[in-house]
Number of protein chains: 2
Amino acid sequence: MSMNSAQAKRVTVSDIAAGCGVSRATVSLVLRESPLVHADTRARVQAEIVRQGYVYHRGAASLRRGTSNAVALVLNDLSNPFFAEFAGGVDAVLAEAGYVMLLGSTGESPQRQQAVLASLIEHDPAALILSPAEHSEPARLQRLLGTRMPVLVFNRALGDDEPGDGWDFLALDNRNGARMATEHLLAQGHRAIAFFGGHRDSSSCSERRAGYRDALAAAGIEPDPQWLVECAPTRLEATRQTGALFARDPAPTAAVCYNDAVALGLIGGLAARGRQAGRDFAVVGFDDIPEAAVSTPPLSTIAVAPRERGMQAARLILARLRGDSDLPRRIVAPVQLRVRASSVVAPTLSNGASA
Amino acid sequence: MSMNSAQAKRVTVSDIAAGCGVSRATVSLVLRESPLVHADTRARVQAEIVRQGYVYHRGAASLRRGTSNAVALVLNDLSNPFFAEFAGGVDAVLAEAGYVMLLGSTGESPQRQQAVLASLIEHDPAALILSPAEHSEPARLQRLLGTRMPVLVFNRALGDDEPGDGWDFLALDNRNGARMATEHLLAQGHRAIAFFGGHRDSSSCSERRAGYRDALAAAGIEPDPQWLVECAPTRLEATRQTGALFARDPAPTAAVCYNDAVALGLIGGLAARGRQAGRDFAVVGFDDIPEAAVSTPPLSTIAVAPRERGMQAARLILARLRGDSDLPRRIVAPVQLRVRASSVVAPTLSNGASA
DNA sequence: CTGAAAGCGCTTACAG
DNA sequence: CTGAAAGCGCTTACAG
């Protein structure tokens, strides 16, 4: 005998049936809450179920019935609060609906993504919610996942040919969010507005840049190349790259940042150069992470409500599983501008203080 | 026909067997990488598997073999970065070992915990890692989970009678961490040191308070009741409660905080009263959340390495599943003091500045 | 309302 | 090395 867990033999429907003198079919009907069973019989069976500590084996039932009540969720990175919140929202809705969540994460690696998905689909999930790793290959994914399972792609488009393959798509309105952020800065009189951070080849960054350009174009402004500064989407890199904004005169007086991490890094970088966000320079972030509300100064940003997105994704996939008709294939979730102190500063003030 | 996903019939071992003229048993042996199959046959079968897009049905295999390669993880709250990081660590190790993770969250509610666990165990996980909700009832949990499955309790003890029930237990060394934090403040000359935040009846808070008392006692100091301030473990509440520290003279000159959120809230509360952490008052947190390194001033804290704890938990439970002998039943994970600017200030300076 | 029988997709002795 | 048969725990027509 190993040190393994106690090996008490599993209690099955047969044990319950034998224990109270009915057939296995009757026990099954009681388990599935069928009205066909006499109330007395049902009570007897239920008592026996409690007495013997029976645990329903949903895998066996799913096998027989050809159904599944698991949904797979595959994310890039759980330690990113955006995805953690999203997963929390998915979980809340799935649990409410009696589903169970199979979770995997890819660390932004397409290879790991293939491996993780291959492992998860062997557990026969009813559906998949996938936030794809950067540089995923849609064709490989399609081959792996087949067409038996509804798939909802979250956050990042898989390729230009979407959504011809019948997968659902839920994304943030990156373009509109960046446009709103830029318009907010324009409304305060800024004309030289940078777009700071992110990598141009990521889809969310290029969408946000597009919204930024939209707003500038509507105001008749052509962005100076110096205003477009790339950097890894981390606080540290943003602090390091701050100098690039001020390499030549006239420097921008405000920046729309790729995300809040970058914005907070920029605020630090500004401080190191003797400038203060919200007094000498206007900063807007993107995401509304918890820290944004309590940083110094509080950070203006675009709220994306990741938990609500998770709930929305789960509801959509459940509706797809029910076979609801008229479901949208593509949802672009609205985002919201939250104005805080970091962006409430006019450009003249900024020029004066930074001279 | 509903709008549901394409209903292509499932490909099974029988289809593969028929497709290349062997028996189902042979296909099964190929799937399980048995050396009993001739290399040519194996190649033929594998080609057919690819050709037909066969997906292994692990549920059916588990049913037949009486095994499972899923591990359930039940947490209080995914949106808490501590638990999200922990889950990431668990996932990394499980995926590496070919296991799949079933995730549920309880929102600190014992009722939801019972429901979530009941739903998850129907999926026959091989093991469970549980971070119990506050006020869990060990007896009810025990009844629900039975003894068939190894269980690892993380982070919070379930009751004083543990671990008589054969469950594993992994916790942070809360007591020692708080002791180190307190000793660090003592070493700089502080004598009037508060323990700020948390609720006395939570086990982690009472352990941390015990460590704090240990250090004070070793220095011959009896804590003044005014030094023990309770508050909800959030930044906002901590800011609100800051005044309680200074209700009477002499006020403390330093504080060990229940966690980093509380410590950051305290720093804000101090600022609102014209005091600056790291100049007029010394603050130490607990957790080392990412924000601690970049707050103003950077926060001294006790690093608990949640991702590493997750990896450790997963490794332990996998070893238990393998039936390794000599596994410890109770692990108290070491924590580490990280000194940053918020605590590097001597008490005399503090008194001077706050007069 | 209840029971006997077949079958979901897989694996595993047991013969050959 | 391969094949026929039984069985994991459940559900579902089909008779009674």
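In the text below, chain A, chain B and the rest are named by the order of the sequence lines, each starting its count at 1. When reading the values below, keep in mind they use all heavy atoms of this one structure, side chains included, and skip hydrogens, waters and symmetry mates.
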remark   = With sugar-phosphate taken as primed atoms, P, OP1 and OP2 and all else as base, the protein-contact string of nucleotides 1-11 of chain D at under 4.0 Å (heavy atoms; B, S, -) is SSBB-BBBBBB
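Ring pair Phe82(B)/Phe154(B) is parallel by interplanar angle, where below 30° counts as parallel and above 60° as perpendicular.
Not counting sequence neighbours, the partners of Ser23(A) by the side chain to side chain donor-acceptor pair (under 3.5 Å) test are Thr26(A). Remark: Asp124(A) engages Arg10(B) in a salt bridge (charged side-chain N to carboxylate O under 4.0 Å, His left out) (not counting sequence neighbours).
Within the structure, the salt bridge (charged side-chain N to carboxylate O under 4.0 Å, His left out) test picks out the following pairs touching residues 58-76 of chain B (sequence neighbours left out): Glu122(A)-Arg58(B).
Remark: the backbone N or O of Ser105(B) is paired with a side-chain donor or acceptor of Arg112(B) at under 3.5 angstrom.
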Please produce a list of atom pairs where a protein N or O lies less than 3.5 Å from an N or O of nucleotides 14-16 of chain D.
none

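We find that Arg143(A) and Glu137(A) are not joined by a salt bridge, their nearest charged nitrogen and carboxylate oxygen being 4.0 Å or further apart. Using a cutoff of 4.0 Å between basic side-chain nitrogens and carboxylate oxygens, Arg330(A) and Asp168(A) are not scored as salt-bridged.
For Gln52(B), the CD atom counts as densely surrounded, since its 6.0 Å shell holds more than 12 non-hydrogen atoms of other residues, nucleotides or ligands.
Here the CG-OG distance, from Asn155(A) to Ser203(A), works out to 7.5 Å after rounding to the nearest 0.5 Å.
With 3.5 Å as the limit, one finds no donor-acceptor pair spanning the side chains of Thr106(A) and Asn76(A).
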ask   = Based on Watson-Crick and G-U pairs with both distances under 3.5 Å, what dot-bracket line describes DNA chain C 5' to 3', crossing pairs as [ ] and inter-strand pairs as |?
value = |||.||||||||.|||
